[in-house]
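Worksheet: one structure, shown below.
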Amino acid sequence: MTTHQVGSSSDELLGPNSWLNPGLAAYDFRGDVRTSPTAAMLNAITHASLLDDIDRSDSSTRKLEAYVASLAGHETGLWVVSGTMGNLVSLRCLLHQPPYSIMCDERSHCLTNEAGGVFAFAGAIPQPIRPANDKYITLEDILPIIKLGHGEKVHACPTRVISLENTLRGMVMPLAEARRIGDFAHANGIRVHLDGARLWEAVASGAGVPRGLLLYF
Ligand SMILES: Cc1ncc(COP(=O)(O)O)c(C=O)c1O
């Protein structure tokens, strides 16, 4: 009697499969997150050092962080497992002790798609902004709603962070407007966060290089 073992025949090993070929995910157009890794990505994965990075000794993690930091023009980077985690860690790090608010486009991913985690963990009130031009928020959208101040009034809930997103649902945020908002924020002691989960789309569209697009963040 022979026992059949899955994957044991050479036909199964050498035949078409989703790793060696584009696979079904390559033709799934329901959303841009339905992707499959390219051969170059798989190659990088198989060559990654698989050490525990708790003591910062995993060379693949460190190289990736340093590479992306250099592209962004930032002093250092931190690899996280998802965009949701990136928003949560980044925004929480910009905040200290409530009360405070985070201002963002009303369509922001962190407001509409991340189970409210940022606001729950940071104890922040969301200040959603609707862009008057139906595309991207401008300084003029922000000014009537922003709460300036540093908690001088016991009942105030000042805006501490403006969170931008580029691209936002495919919309490329014009760099000039991001700079106006950034200049205003910095002049008023407000921090600026960029959800750059889709930043590469903005780069691919020709809107700028990562260093330029991340200048204010
Ligand atoms: C703009 C934006 N931010 C954050 C996320 C969350 O990323 P993840 O699904 O890796 O948690 C996404 C995911 O599509 C996104 O498009």
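Every number for a ligand or one of its atoms is a count from 1 in the order of the listing. Keep in mind that this is a model prediction, so the values were computed, not measured.
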**OP:** Look at atom 1 (C) of ligand 1 and say which protein heavy atom is nearest, naming residue and atom and giving the distance to 0.1 Å.
**Re:** Glu165 OE2, 3.3 Å

Original post:
So which protein heavy atom does atom 15 (C) of ligand 1 come closest to, and at what separation?
Top reply: His109 CD2, 3.3 Å

**OP:** For the residue pair Thr159 and Gln127, confirm or rule out a side-chain donor-acceptor distance under 3.5 Å.
**Re:** yes

**OP:** Could you grab the distance from atom OG of Ser108 to atom CD of Glu165, nearest 0.5 Å is fine?
**Re:** 5.0 Å

Original post:
Where does Ala197 meet ligand 1, judged by heavy-atom distances below 4.0 Å: at the side chain, the backbone, both, or neither?
Top reply: side chain

Original post:
Would one find more than 12 heavy atoms of other residues, nucleotides or ligands at under 6.0 Å from atom CG of Leu143?
Top reply: yes

**OP:** Just need the protein heavy atom nearest to atom 10 (O) of ligand 1, so name the residue and atom and give the distance.
**Re:** Gly83 N, 2.8 Å

Subject >> Taking atom 16 (O) of ligand 1 as the reference point, the nearest protein heavy atom with its distance >> reply: Arg198 NE, 2.8 Å

**OP:** Considering only non-hydrogen protein atoms, determine which one is nearest to atom 3 (N) of ligand 1 and report residue, atom name and distance to 0.1 Å.
**Re:** Asp195 OD2, 2.7 Å

Subject >> Verdict with reasoning, Arg180 to Glu177, per salt bridge (charged side-chain N to carboxylate O under 4.0 Å, His left out) >> reply: CA-CA 5 Å; Arg180 285 182 77 218; Glu177 197 55 44; 3.0 Å; yes

**OP:** Taking atom CZ of Arg191 as the centre, report whether more than 12 heavy atoms of other residues, nucleotides or ligands fall under 6.0 Å from it.
**Re:** no

Original post:
Is the shortest N/O to N/O distance between Met85 and ligand 1 below 3.5 Å?
Top reply: no

Original post:
ligand 1 versus Thr84, non-hydrogen atoms closer than 4.0 Å: side chain, backbone, both, neither?
Top reply: both

Original post:
Is Arg62 reaching over with its side chain to a backbone N or O of Arg56, donor-acceptor style, under 3.5 angstrom?
Top reply: yes

